[in-house]
Colleague: 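If you scroll down you'll find the structure; I have some questions about it.
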Amino acid sequence: MNPSEWIDLRSDTVTRPTAAMRRAMAEAEVGDDVYGEDPTVNRLERRAAEIFGKEAGLFVPTGTMGNTIAVKVHTNHGQEVICEARSHVLSFELAMMAWFSGCVARAVRAEDGVLRWSRIRPEIRPLGPHWAPTGLIEIENTHNMAGGTVMPVEAIEEICDGAHGLGLKVHMDGARVFNAAAHLGRPVSEITAKVDTVMFCLSKGLGAPVGSTLVGTAADMARGRLYRKRLGGGMRQVGVLAAAGLIALDEMPNRLGEDHENAQFLAEALARIPGIRIPHEVQTNIVIFDVSGTGLASSEFSARLKERGVLINGINPTQMRLLTHFDANRTACERALEAIGQVAAGAAVAKEA
Ligand SMILES: *Cc1c(COP(=O)(O)O)cnc(C)c1O
């Protein structure tokens, strides 16, 4: 099968820029962003700050760089960063908090991915004869590996109030915070009002080809600019990317509900397939499903789906994770479902034989 016909549900990063984004990129007004002179980047950073109700924004090439800069801005070498055990900053960012910021993660497991102040508080350490002090609290919303779960706003506010009371900052990895907002029916500014910095991705469900943005105080973003340069993120005439980001930011959040409906549709249908189990409640655009009941390892399940033109990866030997997005409409989801049904049924026949 031709790769252009694949139904790719491996991630929402696979979305391609819309026609409007491509036009805006071609026509973008640009300057040298290292001098702060790219008008389109400046517009994107201002617009992001405005939407989140923060003082300033910083356009970065990737979410990983945004999180890395935030950790660096808030911490000193030799501190701990409290985060959820399966968080992106700990599991999928090549130990950048150690490599760049000299910090170690203090991982706290929350089954649904939603950290609570009651779990965080006992893990906070002062500097002592044996301890590295806590430097930062990091929360992930939506939580990727817990299946796109949404943090209740009260839980976020309780964490921020508690942390601030102890002089600690809170960073939100909001790669998919617009999905959280769509689920709650509230603006991102309400969800993140008390958080010190937020990183969000333009290149996932919002459909931009490249880019993420960090928002926070003007002072933190000014320091962040220096770290961005150190990390190789001084991108010159990068308004060509920010132009797509502006469209992503203004026009795409409103359509995320559609992705969530497709995820619900898939989750309900998958739960009816013998051998497949959905371990978590599906709230946004991520569906984790367990295929161990089919007798197939997730890697084999994935390989058999690929033969049918459907791309979905395993996240461990028994579980797979699919994401719905703008480039996979309901018809594509129906075709993916059919392929999953065929693979599961094929495995059941083989098991009986
Ligand atoms: C995708 C993602 C990021 C950033 O990923 P990049 O590939 O570096 O842009 C950060 N956090 C979470 C939770 C993510 O899902």
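A quick note: this is a predicted structure, and the numbers were derived from the prediction, not measured.
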Colleague: Check this for me: does any side-chain nitrogen of one of D12 and R176 sit under 4.0 Å from a carboxylate oxygen of the other?
Modeller: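 Yes, charged N to carboxylate O under 4.0 Å.
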
Colleague: Working to the nearest 0.5 angstrom, can you tell me the gap between L214 CG and R225 CZ?
Modeller: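 Those atoms lie 12.0 Å apart.
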
Colleague: For the backbone of S87 and the side chain of S91, can you confirm whether one donor and one acceptor N or O come within less than 3.5 Å of each other?
Modeller: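 Pair found, side chain donor or acceptor close to backbone of S87.
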
Colleague: Could E300 and R304 be called an ion pair, given the rule that one side-chain N must be under 4.0 Å from one carboxylate O?
Modeller: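 A salt bridge links E300 with R304.
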
Colleague: For L256 and G205, work out which heavy atoms get closest and say how close.
Modeller: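 Answer, listing the atom of L256 first, then G205: CD2-O, 3.8 Å.
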
Colleague: Check this for me: does any side-chain nitrogen of one of D33 and R228 sit under 4.0 Å from a carboxylate oxygen of the other?
Modeller: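 Judged by the 4.0 Å cut-off on N to carboxylate O distance, D33 and R228 do form a salt bridge.
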
Colleague: Counting only heavy atoms not in E29, do more than 12 fall under 6.0 Å of its CD?
Modeller: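 No, the 6.0 Å shell around CD holds no more than 12 heavy atoms from other groups.
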
Colleague: Taking R121 first and then E123, would you say they form a salt bridge - that is, a charged N and a carboxylate O separated by under 4.0 Å?
Modeller: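 Salt bridge: no.
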
Colleague: Treating Ile, Leu, Val, Met, Phe, Trp and Tyr as nodes and any side-chain heavy-atom pair under 4.5 angstrom as an edge, say whether V238 and I247 lie in one connected cluster.
Modeller: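 V238 and I247: one cluster.
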
Colleague: Would the number of heavy atoms belonging to other residues, nucleotides or ligands and lying under 6.0 Å from CZ of R230 be above 12?
Modeller: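 Check fails, neighbour count at 12 or below.
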
Colleague: Return the minimal non-hydrogen interatomic distance between F100 and H77, and the atom names on each side.
Modeller: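 So the two residues come closest at O-NE2, 3.9 Å.
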
Colleague: Are the side chains of S299 and M320 in contact, using a 4.5 Å heavy-atom criterion?
Modeller: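 Not touching, per the 4.5 Å side-chain cut-off.
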
Colleague: Less than 4.0 angstrom from a charged side-chain N to a carboxylate O is my criterion; do R47 and E50 meet it?
Modeller: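 Salt bridge: yes.
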
Colleague: Distance check, rounded to the nearest 0.5 Å: T324 atom OG1 versus L266 atom CG?
Modeller: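 Spacing of OG1 (T324) from CG (L266) equals 7.0 Å.
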
Colleague: Do other residues, nucleotides or ligands put more than 12 heavy atoms under 6.0 Å from R335 CZ?
Modeller: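 12 or below, so no.
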
Colleague: Give me the one residue out of T197, N144, N141, N67 that meets side-chain hydrogen bond (donor to acceptor under 3.5 Å, both in side chains) with D173.
Modeller: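 So, applying the side-chain hydrogen bond (donor to acceptor under 3.5 Å, both in side chains) to D173 and each of T197, N144, N141, N67, only N67 qualifies.
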
Colleague: Would you say M151 and I139 make side-chain contact, with heavy atoms under 4.5 Å?
Modeller: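 Touching, per the 4.5 Å side-chain cut-off.
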
Colleague: Would a distance-only check, ignoring hydrogens and angles, find a side-chain to backbone donor-acceptor pair under 3.5 Å from H325 to D8?
Modeller: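 Checked: pair present.
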
Colleague: Rounded to the nearest 0.5 Å, what's the gap from CG on L94 to OG1 on T64? Could you check?
Modeller: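 The distance works out to 7.5 Å.
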
Colleague: Side chains of L44 and L202: does their closest heavy-atom pair fall under 4.5 Å?
Modeller: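 Yes. Closest side-chain heavy atoms under 4.5 Å.
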
Colleague: Taking everything shown except R330 itself, do over 12 heavy atoms lie less than 6.0 Å from its CZ?
Modeller: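 Atom CZ in R330 is crowded, with more than 12 foreign heavy atoms closer than 6.0 Å.
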
Colleague: Would a hydrophobic clustering, with Ile, Leu, Val, Met, Phe, Trp and Tyr connected at side-chain separations under 4.5 Å, put I340 with L311?
Modeller: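 They do not share one cluster, since no chain of ILVMFWY contacts under 4.5 Å joins I340 to L311.
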
Colleague: Students often mix this up, so state it plainly: with edges at 30° and 60°, are the rings of H74 and H171 parallel, tilted or perpendicular?
Modeller: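 Rings of H74 and H171: tilted, 30 to 60°.
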
Colleague: Can you tell me how far the CG atom of D290 sits from the OG1 atom of T318, to the nearest 0.5 Å?
Modeller: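 D290 atom CG to T318 atom OG1 measures 4.5 Å (nearest 0.5 Å).
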
Colleague: Answer whether the closest heavy-atom distance between the side chains of F200 and V188 falls below 4.5 Å.
Modeller: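 Heavy-atom side-chain distance check fails, nothing below 4.5 Å.
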
Colleague: Would F52 and F178 count as a ring-ring contact (aromatic ring centres under 6.0 Å, His included) here? Give the steps.
Modeller: CA-CA 11 Å; F52 281 82; F178 283 96; 5.6 Å; yes

Colleague: Would a distance-only check, ignoring hydrogens and angles, find a side-chain to backbone donor-acceptor pair under 3.5 Å from E84 to R86?
Modeller: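 Answer holds: yes.
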
